[in-house]
Each structure stands twice: as structure tokens, then as C-alpha cells.
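Worksheet: one structure, shown below.
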Amino acid sequence: MNTGGAGLSRRAFLGAGAAIGGLALLAPTRTGMARAPAPFAPTHTLTLTAGEMELKLLGPDRPLSRIYAYDGVPFQTLRLPRGARLKATFVNGIDEGSTLHCHGIRMPNEFDGVPTLTQPLVQPGGRFVHLLPLDDPGTFFFHPHCDETGQTGRGLAGVLIVEDPRDPAFDAEHVLCLKDWRLAEDGSFLAFSEPGGASKAGTFGATRTVNGAPSLELKAPAGGHARLRILNLDSTRIMDIGAEGGEGFDAWLIAVDGHALEPVRLDDLPDGIWRMGPAQRIDVDIRMPADGSPVTLGDYRAADIYRFATLTAEGRVAKPRKGPLALPAPELPKPDMKEATRLSFTLQQATNQAVKDLALPADDPLAKALIDSLCVGSTTYWGIQSESWPTGTRRNLPPPLARMETGASYVVEIKNETRYPHPVHLHGHAFEVLSSSLGRLPHHWADTVLVQPGEAVEVAFVAAPGDWVFHCHILEHMETGMMGWFRIV
Ligand code: C2O
Ligand code: CU
């Protein structure tokens, strides 16, 4: 690429992410002035086809289940370098409308995959091209944004890892996707949502899996450091992730939702666990015992601990490192706390009339068409600030929860007045988690934050242009009202 005499310094070049495609964003003119962004220049191109496949989820001698996956690979993992410009074509090979949403990626709004708000629903056989700048390293994932309880409930999700060459070298790395399934004895799916679940903590699956298996046997060298990327891809379940090991073992939380934080020992967190709701991810640095004894990972939330992985020693590291192995600090737009506008949103159960009135009559054909186009359920159990995603009288999108200004800083308080925890996600941004009224969260960056009953969590971010949804990631809650949007201009 010729940059001679263009006035584009080496520093500006590196600042553009040192990506081959980075230059395309800042097209230099002869006078050295940047003009309007040049066309997106993909460095990587791929196709993701949603389809049906069979998998033995109940056990080796048990009936098959017909699940959904991208490209016939359950929880397919894509790895791309930081700075990549990804052209991803979503092809809908299932027999219902769908879209592709890349969760946690900061991108132009038009590629966000939210039907009605950012694009039309992709019909069976249809396709949609997403142009994604992958500037933030970390552990991300992708999933449909329509009939999520049904499509993600059947397994439609994949992992997107943006690799950073500056990361410390780990002695082993493993990706663990946690997801439960709602299966009958014959392998078929049970109803993904039941009113008693949707209106409360959610409808749980009883078949617990990690990467589609009951548990994993993983390897890492004795005395070495293993990087585990753990994703909660369940529709409903909140998990308390912890680890145990013998002499010399230790475990540190080194990233949340892909973004590095000051490493915290898991044992130093309240109850020695990291509580993780649907859509949340963590990177954990595990130091293996020098004597080669095993390490186990579990979800300690239920009385009946779900031990989903065991790390056993294979080989031994020559020079053990003490750890933790910290990741480079995130380079995200830093909110200006002095100038920030403060907003507050309350998560509510449909107990007051204002929220109840939003329910749509299920037998009304107009309501039915609206429900289909907005990809929601016909019932409203939840609201944010007394607004629900579809509304009974307006019969179209509710007004935005807030109008914001591009580039301005916001501090948003999320208050939970319900009796259930909610993992709240904002599209297209990474936010700084400033505080929890229960004092339980370390300072970190995230795209989804779990808000406990009675808790208020404060997050801050620099607004990026577009119409971005803000919703609970317990999929049934989102589909029964706990979703709103911000208009940022
Ligand atoms: Cu995982 Cu609306 O997103
Ligand atoms: Cu919720």
C-alpha cells in the first residue's frame, strides 16, 4: 500500500490497529487531510450457515437430538487476529427467520443483526453480509437475534476469539462452552419456555453440558499456566464458576467478557466464585500443581455441584512461572466522569398496571404479525422503566429508553426491583462497571453485567452512533418484555 507523501505518520498507522485494512479507514489525500471513510477492506472472509444436525446429547447409547449449529459444528470457534476486518456472510439454512448477532463486538450499527431495528429478518434461504472491525481482543460469541429461546435453545451459537499477539504465552488453552438442554427421553426438545419459568427465574434445561459433552478431560503441563475461556451460552442459567486443586494450584480471573482486568484470585472473590449469567464470558489463568495432581472446575451454584472439567497433567514445564499472567489492559474509549450524563433504569416485573397493559392479545392477527416481526413472545412479564419491547396500543417499536449523543459519556445506573437476577447487555459497546450497591464487583469492563435482586449497578461508556438494544440476556425475559433501546445520534 502506498502511503508516500500522504502525511500519514507511522504512529497513525500503528494506531489504526496495524491491520492491513486499517488504512482503509483513514484514506489519505494528497494534502494529508482525511476524507470520508473509504470502503471496508476485508482481511478475512467467511460464511456462517445456520443449519440442523444430529448430536448425541443424552449419552452414547441414547437417542439423537436434532440441534441447530453454524456450519454443522456445534459451538464452532473462529479465531481471528486483533485488527482484522471480517466479512462474514450469514446464510439462513434453517426453516424459520433468523439473523446473526456478534455479541460484544463494537461495530457499525447496521451489522448488529437486530431485526426491525437494524435490518430485516433473514428469511430461510436468505443471507446477510456483516462487515466487522475486530479491534478489541478477547472472547466473544455469536448467536441469532430472533426466536432466541428456540434457536439458541437448540444450540445455535458459536465462539469468536480475537487473538492478541501481545498476550503472554500460556502453556495450554481451552475453550469451554457451557449450555444446558431441554430434552425428553427420546432426544426431542421439551418446550423452551413455560410461563412459570418465563415469569420467574427462567425455564431450565436438565441436561448439562460443556462443548456438548457431560464433562471434559483436559490437559496442561504440571507447574504450567492454562488459559481457560469459559462461556455461559445457556439461555437461562446463572452459574457460580470456581476451581479446586492441590498444592501449588492457583486460579485468577484475568478477563471478563473478553476484556482484561487486574487479575483477581478466584479465592479472593466473594464465596471464591465468579457469578456468571447467560452471555457472560471469563478468561481464567489456572496454575497447575507442580506435582501433576488434577484441577477441577465446577458450577457451585446448586447444592449438587456440576463439575464440568478436569485438567490433568501432561508433561511438566521446565521453568515454572509464578503468575498471574496478566493480559494487556483494554484500549477502549474511556468515559469522562466529570462530563458524563447520568441516567437510571429500573428492571421491573409486570406487577404494576403500566407494565401489564403492554401485553398483546395473542389471538389478534395484527398483534401476531407484530410479534413475528419483532421476534418476541405474545406475553409481557417484564419491563424496563415501565416500557416493554412491544406495546399493546402502539403496535410497533416502543420509543427509545434514551436519546444519547455520539461521543458523549454516560453513567447508567441499572436498578433491579425484581426478585430475580438479570444479566443486562448493551449492544455495540463495552462499558466500564463502576460499582455495585452490594459491593461485590471488582472494577472491570464488560458488555453484560449481572444485576442481583435489590442491587443497583453503575456502568459508564462513551456512546457510539446507532440504535442499540439494551436487554436482559435470560432469553425468556428478553422475549417477554425486558428489552429496550438507546438512540445515539
Ligand atoms: Cu447476545 Cu442482544 O445479545
Ligand atoms: Cu432477566
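All ligand and atom numbering here is 1-based and tracks the order in the structure. The chain is numbered in sequence order, starting from 1. Source: prediction; values computed, not measured.
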Worksheet item: Within 45° of the ring axis of Phe189 and under 6.0 Å from its six-membered ring centre, is that where the NZ or CZ of Arg154 lies?
Response: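 Flagged: Arg154 positioned over aromatic ring of Phe189.
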Can you check whether [X] reaches [Y] side chain to side chain, under 4.5 Å on heavy atoms?
X: Tyr306; Y: Leu178; result: yes
X: Glu405; Y: Tyr410; result: yes
X: Pro421; Y: Gln452; result: yes
X: Arg440; Y: Leu450; result: yes
X: Phe192; Y: Glu479; result: no

In terms of side-chain heavy atoms, does [X] have a donor or acceptor partner in [Y] at a distance below 3.5 Å?
X: His103; Y: Asp447; answer: yes
X: Ser98; Y: Gln151; answer: yes
X: Asp283; Y: Thr139; answer: yes

Worksheet item: If you leave out waters, which protein N, O or S atoms are less than 2.8 Å from atom 1 (Cu) of ligand 1?
Response: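 Checking every protein N, O and S atom gives His103 ND1, His143 NE2, His473 NE2.
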Worksheet entry | Residue and atom, protein N/O/S, under 2.8 Å of the Cu ion (ligand 2) |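 Listed by chain and number: His422 ND1, Cys472 SG, His477 ND1.
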